[in-house]
Amino acid sequence: LEWKLVAGASAATVAHILTYPMDTVRRRMQLQGAGGMAMIYKSSWDCAKQMARKEGVISLYRGLTATCIRGVPNTGIQFAVYEGLKSLLQIATL
């Protein structure tokens with residue numbers, strides 16, 4: 001059961017690291033123009049380029065630590081519980 005917890009947590013960590021820049025760009029795109037602010041970005045690609053150029057590549061990962069603190073244990077526990085219940089109930093996977 002322990003390895004399943006570690007496997008789930010590891011998978012969540014990798015997934016967060018790979019997808020977080022796209023999530024950051026998505027949030028920036030959603031917020032631009034809100035409250036009467038000017039539209040800054042022409043596209044998602046333009047947003048990512050401007051962020052990297054003006055704020056540094058690290059800006060694409062701003063907030064990743066909080067996301068991992070929340071998401072990694074959650075995914076690890078979820079994966080372990082799923083596998084544990086599957087074993088307990090003797091459900092075969094295809």
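Every value quoted in this text rests on a predicted model; they were computed, and no experiment measured them. If you read the sequence from its start, that first residue is 1, and numbering goes on from there.
A salt bridge links Glu55 with Arg28: the closest approach of a Lys/Arg side-chain nitrogen to an acidic carboxylate oxygen falls below 4.0 angstrom. Classification of Asp46 and Lys49 as a salt-bridged pair fails, no side-chain N sitting under 4.0 Å from a carboxylate O.
Between the side chains of Arg70 and Thr67, no donor N or O sits under 3.5 Å from an acceptor N or O.
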Item checked: His16/Asp23 under side chain to side chain contact (heavy atoms under 4.5 Å, CB included): CA gap, chis, key distance, verdict -> CA-CA 9 Å; His16 286 309; Asp23 196 42; over 6 Å; no

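Panel note: side chain Tyr61, backbone Thr24; no donor-acceptor pair is recorded below 3.5 Å.
How far CD1 of Ile69 is from CG of Asn74: 13.5 Å, rounded to the nearest 0.5 Å. Met22 contributes atom CE, which lies 11.0 Å from atom OG of Ser44 (distance to the nearest 0.5 angstrom).
Geometrically, Arg26 does not engage Tyr41 in a cation-pi contact defined by less than 6.0 Å to the ring centre and at most 45° from the axis.
Using a 4.5 Å heavy-atom threshold, the side chains of Tyr82 and Gln78 count as separate.
The hydrophobic clustering, which links ILVMFWY residues whose side-chain heavy atoms are closer than 4.5 Å, places Leu88 and Ile77 together. A chain of hydrophobic side-chain contacts below 4.5 Å, direct or via other Ile, Leu, Val, Met, Phe, Trp or Tyr residues, connects Leu60 to Ile40. There is no path of hydrophobic side-chain contacts, each under 4.5 Å, that joins Phe79 to Val72. Cluster membership for Met51 and Met29, using ILVMFWY side-chain heavy atoms within less than 4.5 angstrom, is shared.
Between Ala12 and Gly71, the shortest heavy-atom distance links the atoms CB-O, 4.3 Å. Residue Cys68 comes nearest to Pro73 through the heavy atom pair O-CD, 3.5 Å, listed as atom of the first residue, atom of the second, then distance.
The local environment of CD1 in Ile58 is sparse, with at most 12 non-hydrogen atoms from other residues, nucleotides or ligands closer than 6.0 Å.
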